[in-house]
Structure formats: structure tokens, C-alpha cells
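To keep things clear, I will list the structure first and then write my remarks on it.
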Amino acid sequence: MTAPALGRSTSHEPAADVLAAYRKHLGRGRARLASLTGGVMEIASYGARVFDADGKEYVDCGGYGVFLLGHCHPRVVEAVIEQVCRHPLATRLLLEPVAAGAAAALAEVTPPGLDYVHFVNSGAEATETAIKLARAHGLKRLISTVGGYHGKTTGALALTAKPFYQDPFRPLLPAEHIPYGDTEALASALAAGPPACVVVEPVQGEGGVVLPPPGYLRDVQLLCVQYGAFFVLDEIQTGLGRLGTWWGADPEDVRPDVLLVGKNLSGGVIPVAAAVATAEAYAPFDRDPYLHTSTFAGAPVAMAAARAAVQTIAEEGLVERARLLGEDILDRVRETLAPLGDAVTDIRGRGLLIGIEMRDERLAGELVLHLLEAGLLVNHSLNAHRVVRLTPPAVVTRFDLDQISTAFATAANALAKGPTCPK
């Protein structure tokens, strides 16, 4: 796709000035990270493309899973602009139809029985909502999995099982962390104490695209029923088609007590997330609407984006498209990186969530930088630094796919020649 002319011609500050402002106002650490990527400044985006200040185009396979619909999808942008011009924020006192419409649209595509929607502004807030719902039911014990990632606010951080993120902020809420994919470990943990709130992901994204063994989610649900646990399925990254199914829960016909939704719910335009619950799980909030609130949650402008995103995913067939594109991209990545031999220890994925596990963190960092130079944006994994992660849009074209292949072939050739020297 071609960038809108306005995006290319918009004036902007020189990169050196922006980097200086980062150091002064956003933090030296963020400035250092920007310097590592050469101080490239992104100024426009459209479809699967991002454009930098020098006019260079990048195929975006990064964005930490937000852009399933690509950038600036016309249907979502149109809905947001119309809402901004008419009624962007609500009084919170009167009926607001856009929130009702967004909730109905989301409940239409969630697993049966998940009908009550609590909108929030971010994935971490969705996790906090689930924790508070569990506590409202009297379940104060938390169980999550090693390598899991559920956000960095203080409640969510207790579930995000990585000491690097947790240690500066202890004491946190007490939480137990068990091996991912290990149902025996979960059974032992549940049997060893009072009823708990169990939070797992269908596929661990930030954990390095870790796929559980077949039947794992079904077993988790059965164990939660057996031990009276509150089952929370975190689909913030995996949901709404990312895995080539509407939800990671779908292949095993799983219905949690609470489903966490985010990232793709934004349509790539307005931040929004949600916790979607069964009637029984939602009962405490159903009785008292002021028990858990947020001023900006459920804002009409965000609700317009959410409703448009869900409808667009459904009407444009992006779930099935994600499955087919994922198979294609996985094959292309495996083929182009094959010459690197044991420098690549595994390439795995489901739908448009793909992980490339390198032999060590240095090689993973080199791969990210070589791909950037070749015009492809990817991410590392926050809980698994040896894993380079791809979360491409479901709107990539055949031309984009060919560029992805070319970028990986170029990066593989550069890696084979040795490490990149700092400039």
C-alpha cells in the first residue's frame, strides 16, 4: 500500500531533537533503545506499512500484536472520526449507545456464555479487573504460569512471573507460579490450598510463543471446576483472530469464567481492552456498578473503535485469513533461515503469532537489527529474549509477503557473515 500523501509531507522535528527530548523528558533508557535502532523516526503508517522520516517503508510484523487489521484501517478510522466529531467522551450518567453496541458486538463472537463485558483502557487493566472479580467472590489466592505475561501494574505484575520486572516493586500480591503446559503441577497446586484464581494464556506470547500440549486448556478448565477455582483465560494477545481462530480457547471448546481481551480490540487505532465474564462470574459487578470503575474506560471514541474492529474482523474474514497467512509466513521464515543451521534452535507458531528462537540473545538482537535494516519490523519477546516474535497484520498483501521473504533472506546472509559492528 502507498502511504497517504499527508503522512509523507507532514513536517516533523529533526531526529536529533526528538532524541534529545526523549533523554530530557521520557528517560535516558528509552533514548538508548532508540539509538540502538539508529534513531529511526516513524511518522506515518497505513495497512501493513510504516514510514520513517526519510521516506523508507517497512513491513510491520511487530507492534506487539496490536495491528491485526493493519494501520489506519479505513473502517475503524472512519468510525473513530465520526465519533470524535459527534461525542468522543461521555458524562457517565446517561445511557451511552456506542458502549452498548460495542459490548454486544464483542459478546457475539466470544465463546457461549461469556456475555458480560467490562471495558478498560489496557490489557493490564483487564487483568486487574479479573483479579478483583475473583476477590469479590472470596478467592484471594493467585496461580499463574512460569513465563506468563499479564501486565505490569501491581496486581497484574504478581501474575507476570519474571523476577526482573517484579523485584523492584515487592512486596506484591502473593502468587504461585507453576510450569506452563503442566496439568499435574496445576492439580497439585490446586489440591494444596484453598480455591484459587488461575490465569493462563492459550499460547505464551511474551514467553516466546510457547505452544502448550494438546488438551491443556481443556484440562485446566476441568481442574478449575474440580477444585472450585476461578478460571481466567488471558487472550489479550491471542484473541480476535491472531491465532487463526477467534480465540485460542476455540479448538478445545473451552469457556473460562473470565476472558481477557485487548490489543486487536483497538483496531490498531484507539487503545481499548475488556474483561468478558459469565453471568455468575460477573455477579459482584452486576450488583454494584461502582465497585470497579475508571473515568475513561468505555469512552465512546474507544467503543467506536472496538465495535468497528470486531465487525471488520468478522465481515472481512480476517480470522481465516490469519490462519492461511500464518502457514505461508511460517514456511517462508523456515526456508529463508535454514542456511543458518543451529544458530536457529526452533521456529514455531500458530496463525499470525510466530516465534524464532535463536541460540543466544546476541543472535536474536542481531536478527532484529538486520531485519530492521532490510525494511521489516519485528519484536523480541519480553520474557524470552532469545525469541524474535512476528505478529503480522492479516491484511498483508502478496507483495508484502515477498518483501518479508526478501528481508529474512537478507538478514540470514548478514548473520552468516558475523556480528554487526556498532556504528
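As a basis for the values below, the full set of heavy atoms in this structure was taken, side chains included, without hydrogen atoms, waters or symmetry mates. Numbers for residues simply follow the sequence, beginning at 1. Just so it is clear, the structure is predicted and the values come from calculations on it, not from any experiment.
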>> Restricting to ring-ring contact (aromatic ring centres under 6.0 Å, His included), what partner residues turn up for Tyr180, sequence neighbours left out?
In response: Tyr216

> Under 6.0 Å from the CD atom of Glu320, do we count more than 12 heavy atoms belonging to anything else shown?
Replying inline: yes

> Is the shortest side-chain N to carboxylate O distance from Glu361 to Arg386 below 4.0 Å?
Replying inline: no

> Using a distance-only test with no angle check, is there a side-chain donor-acceptor pair under 3.5 angstrom linking Asp402 and Ser405?
Replying inline: no

>> Determine whether a donor-acceptor pair (N or O, by modelled atom type, separation under 3.5 Å) exists between the side chain of Arg332 and the backbone of Leu401.
In response: yes

> Does any N or O in the side chain of Arg348 come within less than 3.5 Å of the main-chain N or O of Leu211, such that one atom is a donor and the other an acceptor?
Replying inline: no

> Within the side chain of Thr160, is there an N or O that forms a donor-acceptor pair under 3.5 Å with the backbone of Gly151?
Replying inline: yes

>> Let's go through Thr238 and Trp247 carefully: what are the C-alpha distance in whole Å and the side-chain angles of both, what is the deciding distance for side chain to side chain contact (heavy atoms under 4.5 Å, CB included) to 0.1 Å, and is it a yes or a no?
In response: CA-CA 7 Å; Thr238 58; Trp247 309 99; over 6 Å; no

> Does His137 reach the main-chain N or O of Leu139 with its side chain, forming a donor-acceptor pair under 3.5 Å?
Replying inline: no

> Taking C-beta and beyond as the side chain, do Val203 and Leu243 meet within less than 4.5 Å on heavy atoms?
Replying inline: yes

> Under the 3.5 angstrom rule, does the side chain of Arg23 hit a backbone N or O of Arg28 as a donor-acceptor pair?
Replying inline: no

>> Tell me whether Lys152 forms a cation-pi arrangement with Tyr165, defined as NZ or CZ under 6.0 Å from the six-membered ring centre and within 45 degrees of its axis.
In response: yes

>> I'd like to know if the side chain of Glu252 reaches the main chain of Leu217, judged simply by a donor and an acceptor atom lying under 3.5 Å from each other, with no hydrogens or angles considered.
In response: yes

> Can you name the side-chain contact (heavy atoms from CB on, under 4.5 Å) partners of Asp52, sequence neighbours left out?
Replying inline: Val40, Asp54, Lys56, Tyr58

> Any ion pair linking Lys132 and Glu128 (charged N to carboxylate O, less than 4.0 Å)?
Replying inline: no

> Charged N to carboxylate O below 4.0 Å: is that the case for Arg75 and Glu315?
Replying inline: yes

> Are any side-chain N or O atoms of Asn383 and backbone N or O atoms of Gly147, one a donor and one an acceptor, separated by less than 3.5 Å?
Replying inline: yes

>> With no hydrogens and no angle check, just 3.5 Å: does a side-chain donor-acceptor pair link Arg218 and Gln221?
In response: no

> Just by modelled atom types, is the Ala249 backbone N or O under 3.5 Å from a matching donor or acceptor in the Glu235 side chain?
Replying inline: yes

> In chain order, what residues pass the ring-ring contact (aromatic ring centres under 6.0 Å, His included) check against Phe408, with sequence neighbours excluded?
Replying inline: none

>> Apply salt bridge (charged side-chain N to carboxylate O under 4.0 Å, His left out) to residues Arg321 and Glu316 and explain how you reach the verdict.
In response: CA-CA 9 Å; Arg321 184 167 170 75; Glu316 296 190 0; over 6 Å; no

>> For Val258, run the side-chain contact (heavy atoms from CB on, under 4.5 Å) check against Ile131, Thr129, Leu133 and tell me which one passes.
In response: Leu133

> Taking atom types as modelled, is there a side-chain donor on Arg49 or Gln403 under 3.5 Å from an acceptor on the other?
Replying inline: yes

> If you draw a 6.0 Å radius around CD in Glu327, do more than 12 non-hydrogen atoms from other residues or ligands fall strictly inside?
Replying inline: yes

> At their closest point, which heavy atom of Gly39 faces which heavy atom of Ala15, and how far apart are they?
Replying inline: O-CB, 3.9 Å

>> Under the ring pair (Phe, Tyr, Trp, His ring centres under 6.0 Å) definition, can you give me all pairs with a residue in residues 266-310, not counting sequence neighbours?
In response: Tyr116-Tyr282, His118-Phe285, His118-His292, Tyr282-Phe285, Phe285-His292

> If you look at every heavy atom in Asp115 and Val276, which pair is closest and at what distance?
Replying inline: N-CG1, 4.4 Å

> Do the side chain of Thr127 and the main chain of His150 share a donor and acceptor less than 3.5 angstrom apart?
Replying inline: yes

> For Tyr149 and Glu201, which heavy atoms make the closest approach, and how far apart are they?
Replying inline: N-OE1, 3.3 Å

>> Please evaluate residues Asn379 and Val388 with respect to the criterion side chain to side chain contact (heavy atoms under 4.5 Å, CB included), reporting the C-alpha separation (whole Å), side-chain torsions for both, the decisive distance (0.1 Å), and the verdict.
In response: CA-CA 6 Å; Asn379 294 130; Val388 175; over 6 Å; no

> If you measure only the distance, is there a donor-acceptor pair under 3.5 Å linking the side chains of Gln311 and Arg307?
Replying inline: no

> Does Glu176 have any side-chain contact (heavy atoms from CB on, under 4.5 Å) partners at least two apart in sequence or in another chain, and if so, which?
Replying inline: Arg141, Ile143, Ala189

> Under the ring-ring contact (aromatic ring centres under 6.0 Å, His included) test, which residues partner His87, sequence neighbours left out?
Replying inline: none

> Arg389 and Gln237: side-chain donor and acceptor closer than 3.5 Å?
Replying inline: yes

>> Walk me through whether Val209 and Ile354 qualify under side chain to side chain contact (heavy atoms under 4.5 Å, CB included).
In response: CA-CA 6 Å; Val209 191; Ile354 296 169; 5.9 Å; no

> Does the distance from a Lys or Arg side-chain N to an Asp or Glu carboxylate O, for Asp328 and Arg398, drop under 4.0 Å?
Replying inline: yes

>> Looking at every heavy atom in both Asn264 and Ala309, which two are closest together, and how far apart are they?
In response: O-CB, 3.8 Å

>> For a side chain to side chain contact (heavy atoms under 4.5 Å, CB included) check, start with the C-alpha distance between Leu369 and Leu371, then their side-chain angles and the critical distance, and finish with the verdict.
In response: CA-CA 5 Å; Leu369 292 175; Leu371 289 172; over 6 Å; no

>> Check whether Ser266 reaches the backbone of Pro271 with its side chain - one donor and one acceptor, N or O, closer than 3.5 Å.
In response: no

>> Please tell me whether Thr245 and Arg350 have a donor and an acceptor in their side chains that are separated by less than 3.5 angstrom.
In response: yes

